[in-house]
Amino acid sequence: MKSVFAADSYSDLYIAIGDAIMNAKQGQEVAVDEAIDAFQTTWSEMKPSNLEEAKQIDEQLKVVVNANNTKQQLEALSALSKSVHNLEKAENPVDERAERDKFAKAIQPSLDALGAAIDSGDRQKIEGANKQFITSWTRNERPVREQDLAAYGNIETQSAFIRIALAAEEIDKGALKEQYVALQTAITDFSNGKKLKNEEGTYSLASLLDLLDQSKQQVEQQQYNEAANTLKAFITTWPNVEGEIRTKNASLYQQIENDLPLLVSDLTKKQVNEKAIIEELDNFHQQIALLQGDNSYSFWDSALILLREGLEALLIVIGLVAFVKRAGQEQAKKWIYLGALAGIAISAIAALIMSTVFQSVTIGISRERMEGYIGLLAAALMIGVGIWLHSKATVLSWNQYISKRLNNAISKQSIWAMAFISFLSVFREGAETIVFYAGIAPNMSTTEFAAGIALALSILLLAAIILLRMTGRIPIHRFFAVATFFIYVLAFKIIGVSIHTLQLTNVLPTHVVSGLPIVNIIGFNPTVETITAQLILLLLVTGTIVYKRKQEKLVTA
């Protein structure tokens with residue numbers, strides 16, 4: 001007995017493939033991996049099928065995962081999409097001819113009514129008939145979108161052009177009739193099974209942003225006809241990209257569908273409201289850019305975390321080594337080093353366990369949502385560590401801290417005690433590093449992640465050599481002062497990226513603040529939610545600085 005997969009499941013599979021293809025063309029490796037993960041999750045949740053088409057999907061998915069470069073990946077994703085389509089047809093056989101006939105029968109009355117209204121020349125009748133056609137098209141468009149994406153895009157484009165003509169101050173009946181004929185031809189061709197050649201191209205949100213930038217520049221130069229043509233190119237490109245916007249921001253999708261044709265018409269009027277058009281273009285640009293938002297981190301972010309945590313553990317270990325050397329117990333050094341190695345090993349095991357736990361927790365939960373939650377947890381911990389570091393940013397505070405650690409070891413007069421302090425120091429920093437990396441690793445490429453770790457390890461090795469030779473003469477407090485600043489910057493970025501991720505997955509609402517830029521390097525996104533959270537961080541930082549300065553004055557008074 002064969003199973004029938006839910007239509008929603010197929011839709012999720014197609015969306016995941018589409019996202020993977022689009023991001024692969026843009027070189028967004030992390031986003032591609034996320035889309036493939038989403039596909040695998042949906043596919044694993046489907047009921048098993050013994051059909052050959054299902055086995056082909058399994059095989060093709062392996063090819064996608066093992067692709068060595070972007071070209072191979074794109075080819076494999078395209079083949080995977082065809083495999084899914086083949087399975088869908090096998091599981092849910094559909095008579096495409098019957099579907100086209102049903103579509104033609106459903107759409108024809110409203111199409112004929114629109115043609116008759118255009119022939120009458122009555123603007124009110126035309127507008128009413130066009131609304132009825134759009135309603136009918138929206139209700140019956142599914143088979144067109146599923147069978148022939150090129151035909152779907154053509155019908156959408158011609159429909160938008162009719163809306164542009166209707167929004168003009170004076171209707172050009174001849175031009176409107178030509179556009180209607182083009183719309184009628186597109187519908188008839190699909191109904192008759194005539195396939196359109198789908199033009200090859202790299203369509204993405206970036207394509208839309210480029211067209212908006214170009215049209216804005218043309219408006220500013222008062223090249224209104226050119227700007228109108230650029231926005232028409234936007235409308236032509238739109239059907240190839242609209243799916244991503246529809247799934248991430250339905251209200252923006254509807255706004256663009258409704259308002260873009262009106263903007264084109266506004267540019268053809270005798271009096272062009274340049275300021276209003278530019279504001280609208282900026283609004284669309286900002287909201288699309290937020291969907292595209294670069295939520296990635298650089299290898300510097302990866303390096304900073306390990307460098308900061310590693311250097312703190314290194315200082316304690318070297319302090320213990322210096323102590324046993326002064327005590328004439330050179331043989332005890334190996335136990336301190338073994339304690340440090342044990343801390344590294346246990347940290348690595350904890351990282352594997354945490355990774356396994358996160359994977360199990362994300363069963364049934366969006367990976368993007370989990371990344372957002374983990375990012376906020378990491379940011380909270382980083383704020384706490386930042387406050388701790390600030391407390392060590394004076395010579396007096398640092399000396400008191402390191403002396404306390406060493407005095408505890410001396411009082412015990414035990415090699416095992418010092419080895420255990422070495423282990424705990426490394427393990428504590430390792431545990432913090434794991435949490436921090438959990439917050440950023442999903443949003444950066446493996447190459448950059450590894451490069452950051454390699455850079456940090458190299459610096460730590462150099463620092464170890466210098467500290468062993470110059471113990472007591474390195475201004476450690478200055479390092480902590482600088483590290484504190486970068487901790488807060490990174491926490492600021494993680495908060496922005498994490499909240500934005502939760503907004504894209506509809507966990508949190510999105511209220512855009514117009515006129516503010518997107519600054520990806522520090523994770524600043526112009527929404528009320530991200531700005532509020534980041535302001536809270538700044539208030540906490542300011543309060544901490546003020547408090548510590550008062551404490552220092554009391555100590556020195």
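With E141 contributing its side chain and Y152 its backbone, the two residues share no donor-acceptor pair below 3.5 Å. Formation of a donor-acceptor pair under 3.5 Å by the Q534 side chain with backbone atoms of F492 is found in this model. Side-chain atoms of S120 come within 3.5 Å of backbone atoms of A117 as a donor-acceptor pair (strictly under, hydrogens ignored). Within the 3.5 Å criterion, the main-chain N or O of P261 finds no donor-acceptor partner in the side chain of S265. For N525 (side chain) and T527 (main-chain N/O), no donor-acceptor pair under 3.5 Å exists by modelled atom type. Under a 3.5 Å cut-off, the side chain of S136 and the backbone N or O of Q132 do not form any donor-acceptor pair. Panel note: side chain R163, backbone N130; no donor-acceptor pair is recorded below 3.5 Å. A donor-acceptor contact shorter than 3.5 Å is absent between the side chain of D148 and the backbone of V144. R139 contributes no side-chain N or O that, together with a main-chain N or O of I107, makes up a donor-acceptor pair within less than 3.5 Å.
Shown here for L209 and A289, the closest heavy-atom pair between the two residues is CD2-N, 3.9 Å. Heavy atoms only, all atoms of each residue included: E226 and Q218 are closest at O-OE1, 3.1 Å. Of all heavy-atom pairs spanning T237 and S207, the tightest one is CG2-CB, 4.5 Å.
L502 has its side chain out of reach of S498: every pair of non-hydrogen atoms, C-beta onward, lies at least 4.5 Å apart. Using a 4.5 Å cut-off on side-chain heavy atoms (C-beta onward), I288 and L252 make contact. Between K62 and V64 there is no side-chain heavy-atom pair separated by less than 4.5 Å. Residues L212 and L231 have side chains in contact (heavy-atom distance under 4.5 Å, counting atoms from C-beta outward). Residues K102 and K105 have side chains not in contact (no heavy-atom distance under 4.5 Å, counting atoms from C-beta outward). Side-chain contact check for Q40 versus V65: some heavy-atom pair is nearer than 4.5 Å. By the 4.5 Å heavy-atom criterion applied to side chains, V264 and I235 are counted as neighbours. Using a 4.5 Å cut-off on side-chain heavy atoms (C-beta onward), D58 and W43 make contact.
Partners of D112 according to the side-chain hydrogen bond (donor to acceptor under 3.5 Å, both in side chains) rule, which considers only residues two or more places apart in sequence or in another chain, are Q108. Not counting sequence neighbours, T510 has no partner by the side-chain hydrogen bond (donor to acceptor under 3.5 Å, both in side chains) test. Scored by the side-chain contact (heavy atoms from CB on, under 4.5 Å) test, I536 finds T532, L540 as partners (sequence neighbours excluded). With sequence neighbours left out, L539 forms a side-chain contact (heavy atoms from CB on, under 4.5 Å) with no residue at all. Applying the ring pair (Phe, Tyr, Trp, His ring centres under 6.0 Å) rule to F524 yields no partners; only residues at least two apart in sequence or on another chain are considered. N66 is linked by a side-chain hydrogen bond (donor to acceptor under 3.5 Å, both in side chains) to nothing, counting only residues two or more places apart in sequence or in another chain. Under the rule for a side-chain hydrogen bond (donor to acceptor under 3.5 Å, both in side chains), Q286 has no partner lying at least two apart in sequence or in another chain. Applying the salt bridge (Lys or Arg N to Asp or Glu O under 4.0 Å) criterion to D101, with sequence neighbours excluded, gives R97. Partners of R123 according to the side-chain contact (heavy atoms from CB on, under 4.5 Å) rule, which considers only residues two or more places apart in sequence or in another chain, are E127, I171.
Heavy atoms of other residues, nucleotides or ligands lying less than 6.0 angstrom from CD of E170 number 12 at most.
Note that CZ of R100 is 13.5 Å distant from NZ of K194, once rounded to the nearest 0.5 Å. Annotation: the span from Q287 atom CD to I518 atom CD1 amounts to 10.0 Å, rounded to 0.5 Å. To the nearest 0.5 Å, the span separating NZ on K55 from CD on E59 amounts to 10.0 Å. The line from CD of Q179 to CG of L166 is 8.5 Å long, rounded to the nearest 0.5 Å. Note: F284 CZ to L211 CG = 14.0 Å, rounded to the nearest 0.5 Å. Atom CG of D189 is separated from atom CD of Q184 by 10.5 Å, given to the nearest 0.5 angstrom.
Screening K173, K177, K125 for a side-chain hydrogen bond (donor to acceptor under 3.5 Å, both in side chains) with D119, the sole residue that qualifies is K177.
Sorted by first and then second residue, the ring-ring contact (aromatic ring centres under 6.0 Å, His included) pairs with a member in residues 156-190 read F103-F190; sequence neighbours excluded. Residue pairs meeting the ring-ring contact (aromatic ring centres under 6.0 Å, His included) criterion with at least one partner in residues 205-232, sequence neighbours excluded, are absent.
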Check: Between D266 and K269, is a salt bridge (Lys or Arg N to Asp or Glu O under 4.0 Å) present by the stated rule, with each step listed?
Finding: CA-CA 5 Å; D266 288 343; K269 293 179 178 178; 3.1 Å; yes
Note to self: Before you tell me yes or no, could you show the steps for I495 and T530 under side chain to side chain contact (heavy atoms under 4.5 Å, CB included), namely the whole-Å CA-CA distance, both residues' side-chain angles and the distance that decides it to 0.1 Å?
What the structure shows: CA-CA 7 Å; I495 287 173; T530 53; over 6 Å; no
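Checking E279 against N283 by side-chain atom types alone, no donor-acceptor pair falls below 3.5 Å. Defined by atom type and a distance below 3.5 Å, a donor-acceptor pair is missing between the side-chain atoms of T188 and T185.
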Can you give me every donor-acceptor pair (side chain of residues 74-84, partner residue at least two apart or in another chain, under 3.5 Å) with its distance?
residue, atom, partner, partner atom, Å
S83, OG, A79, O, 3.0

